[in-house]
Amino acid sequence: MTFTYDAEKNFLDKKTLLITGASDGIGKACAKTYASYGATVILLGRNQQKLEAVFDEIEELHPGKVIIHPLDFKTASMADFKTLAESLNDQFECLDGLIHNAALLGPRTPIEFYPEADWSDLMQVNVNAVFQLTQSLLPALRKSEDARLLFISSSVGRIGRAFWGAYAVSKFALEGLMQTLAEELENTTSIRVNSLNPGGTRTNMRRDAYPAEDPQTQPTAESLMPVYLYLMSEEAKHIHGQALNARDFKAV
Ligand SMILES: NC(=O)c1ccc[n+]([C@@H]2O[C@H](COP(=O)([O-])OP(=O)(O)OC[C@H]3O[C@@H](n4cnc5c(N)ncnc54)[C@H](OP(=O)(O)O)[C@@H]3O)[C@@H](O)[C@H]2O)c1
């Protein structure tokens, strides 16, 4: 059964949420949806032009509620993440949500033949940058009364699958980072940490992974948004350290 969430209008009014990979696909839908419920959204992505297009869409409907911060995770250093954190510190009292959504797919190739350069790039974007961004923004998340840290995972990050190479391994790493942080932060902060597998979704990444598939057979990014909204809500405050699935999601 499809999960529905009857979110109150503007329930995210006082929240500042940062979404990585917000220039396209699920991240873009997420940014637009959170802004439509009142959140101030910070959009990260590698392509300034695409980010500006999303900025324009949100700014037109919700003026003053969106900022963009172009950053390529492949080349970004810890210093870049620290600079971002300082800039956010100057602009906002705290950060209420960090959605680690950006990811590279990489080649689907047996490990025996997996190109080393692709492996390194993918680990940099999907894992190292996620650690660096998390570490840089934890002080801002700690300042929130009720913060959410959400790692966007995949089914191949929970059960290994042949030929999914570095992408699968990177998602396993995110699950490990989620569990480690969840335990570290459980009793000392109000930050709630979870991972979410969106499941097959009609985006560029899905098209690249399954070029022969009819995209119409996959649900849209927008159809997942009730789950993404719920996970930022007061009602979801008790969910912590969980590996969640957007498909077949049930509020507990
Ligand atoms: N779609 C699915 O079926 C599916 C299934 C399971 C899990 N997921 C997960 O869901 C999340 C969103 O995926 P999606 O399908 O929406 O993918 P997508 O359409 O390819 O979007 C990925 C986003 O990440 C950004 N990105 C890629 N490399 C980056 C880099 N080096 N630095 C900064 N940003 C970068 C992309 O920027 P550009 O716009 O510049 O490309 C884009 O905004 C990912 O974590 C993915 O692993 C997706």
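Model, not experiment: these values are computed from the prediction. Each ligand, and each atom within it, is numbered from 1 in the order the structure gives.
Considering backbone and side-chain atoms together, Ile26 places an N or O closer than 3.5 Å to an N or O of ligand 1. At least one N or O atom of Tyr167 sits closer than 3.5 Å to an N or O atom of ligand 1. Taking only nitrogen or oxygen atoms, main chain and side chain alike, Gly27 does not reach within less than 3.5 Å of ligand 1. Between Gly21 and ligand 1, an N or O atom pair is found at a separation short of 3.5 Å.
When each atom of ligand 1 is checked for a heavy atom of Met205 under 4.0 Å away, the hits are 15 (O), 17 (O), 20 (O), 46 (C), 47 (O). Counting atoms of ligand 1 from 1 in the listed order, those under 4.0 Å from a heavy atom of Leu71 are 32 (N), 33 (C). Heavy-atom contacts of Lys74 reach the following atoms of ligand 1: 31 (N) (cutoff under 4.0 Å). With ligand atoms numbered from 1 in the order given, ligand 1 contributes 40 (O) to contacts under 4.0 Å with heavy atoms of Asn47. Atoms of ligand 1 found under 4.0 Å from any heavy atom of Leu104 (numbered from 1 in listed order, with element): 28 (N). For ligand 1 and Asp72, the ligand atoms under 4.0 Å from any heavy atom of the residue are 30 (C), 31 (N), 32 (N). Near Lys50, with a cut-off below 4.0 Å to any heavy atom, the atoms of ligand 1 are 38 (P), 39 (O), 41 (O). Atoms of ligand 1 found under 4.0 Å from any heavy atom of Gly25 (numbered from 1 in listed order, with element): 16 (O), 19 (O).
Put simply, the side chain of Glu59 gets close to the backbone of Gly64: a donor and an acceptor are under 3.5 Å apart. Remark: the backbone N or O of Ala102 is paired with a side-chain donor or acceptor of Thr20 at under 3.5 angstrom. Of the possible donor and acceptor atoms, one in the side chain of His240 sits under 3.5 Å from a partner among the backbone N and O of Ala182. Looking only at distances, no side-chain donor or acceptor of Asp72 sits under 3.5 Å from a matching main-chain atom of Arg46. With hydrogens and angles disregarded, a donor-acceptor distance shorter than 3.5 Å links the side chain of Asn126 to the backbone of Leu104. For Ser190 (side chain) and Glu145 (main-chain N/O), a donor-acceptor pair under 3.5 Å exists by modelled atom type.
A heavy-atom separation below 4.0 Å is not found between Ser155 and ligand 1. Between Leu44 and ligand 1 there is no heavy-atom distance shorter than 4.0 Å. By the 4.0 Å heavy-atom criterion, Ala76 is excluded from the residues contacting ligand 1. Residue contacts with ligand 1: Lys171 is included, with a non-hydrogen atom under 4.0 Å away.
Ion pairing between a basic and an acidic side chain is recognised when a charged N comes within 4.0 Å of a carboxylate O; Asp208 and Arg108 show no such pairing.
Between Ser144 and Asp96, the side chains place a donor N or O and an acceptor N or O closer than 3.5 Å (distance only, hydrogens not considered). A donor atom on one side chain and an acceptor atom on the other are not found under 3.5 Å apart for Thr180 and Glu184.
From the protein, the heavy atom lying nearest to atom 7 (C) of ligand 1 is Ser153 O, 3.1 Å. Of the protein's non-hydrogen atoms, the one nearest atom 21 (O) of ligand 1 is Asp24 O, 4.2 Å. The closest protein non-hydrogen atom to atom 44 (C) of ligand 1 is Asn101 O, 3.0 Å. Ranking the protein heavy atoms by distance from atom 32 (N) of ligand 1 puts Phe73 N, 2.9 Å first. Remark: minimum distance from atom 41 (O) of ligand 1 to any protein heavy atom is reached at Arg46 NH2, 2.8 Å. Among protein heavy atoms, atom 2 (C) of ligand 1 sits closest to Thr201 N, 3.6 Å. Of all protein heavy atoms, the one lying nearest to atom 4 (C) of ligand 1 is Gly199 O, 3.8 Å. For atom 15 (O) of ligand 1, the closest non-hydrogen atom of the protein is Thr203 OG1, 2.5 Å.
Ring geometry, Trp164 versus Tyr167: the interplanar angle falls from 30° to 60°, so the pair is classed tilted.
Taking the ring centre of Tyr210 as origin, the terminal cationic atom of Arg206 falls inside the region bounded by 6.0 Å and 45° from the ring axis.
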>> Before you tell me yes or no, could you show the steps for Leu244 and Leu231 under side-chain contact (heavy atoms from CB on, under 4.5 Å), namely the whole-Å CA-CA distance, both residues' side-chain angles and the distance that decides it to 0.1 Å?
In response: CA-CA 10 Å; Leu244 307 164; Leu231 290 174; 3.7 Å; yes
>> Does Gln218 form a side-chain contact (heavy atoms from CB on, under 4.5 Å) with Thr201? I'd like the steps, not just the answer.
In response: CA-CA 5 Å; Gln218 295 304 307; Thr201 310; 5.9 Å; no
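When each of Asp146, Leu181, Leu138 is paired with Ile191, the side chain to side chain contact (heavy atoms under 4.5 Å, CB included) condition holds for Leu138 and for no other.
Taking the six-membered ring wherever Trp is involved, the centroid distance between the rings of Phe73 and Phe81 falls below 6.0 Å.
With a 6.0 Å radius and a threshold of 12 heavy atoms from other residues, nucleotides or ligands, Glu8 has its CD atom at or below the threshold.
Considering Ser23, Ser154, Ala22 only, the shortest heavy-atom separation from atom 39 (O) of ligand 1 involves Ser23. Nearest-heavy-atom check against atom 10 (O) of ligand 1 across Thr20, Leu224, Ile152 picks out Ile152. By heavy-atom distance, the residue among Ala103, Gly200, Ala102 lying nearest atom 27 (C) of ligand 1 is Ala103.
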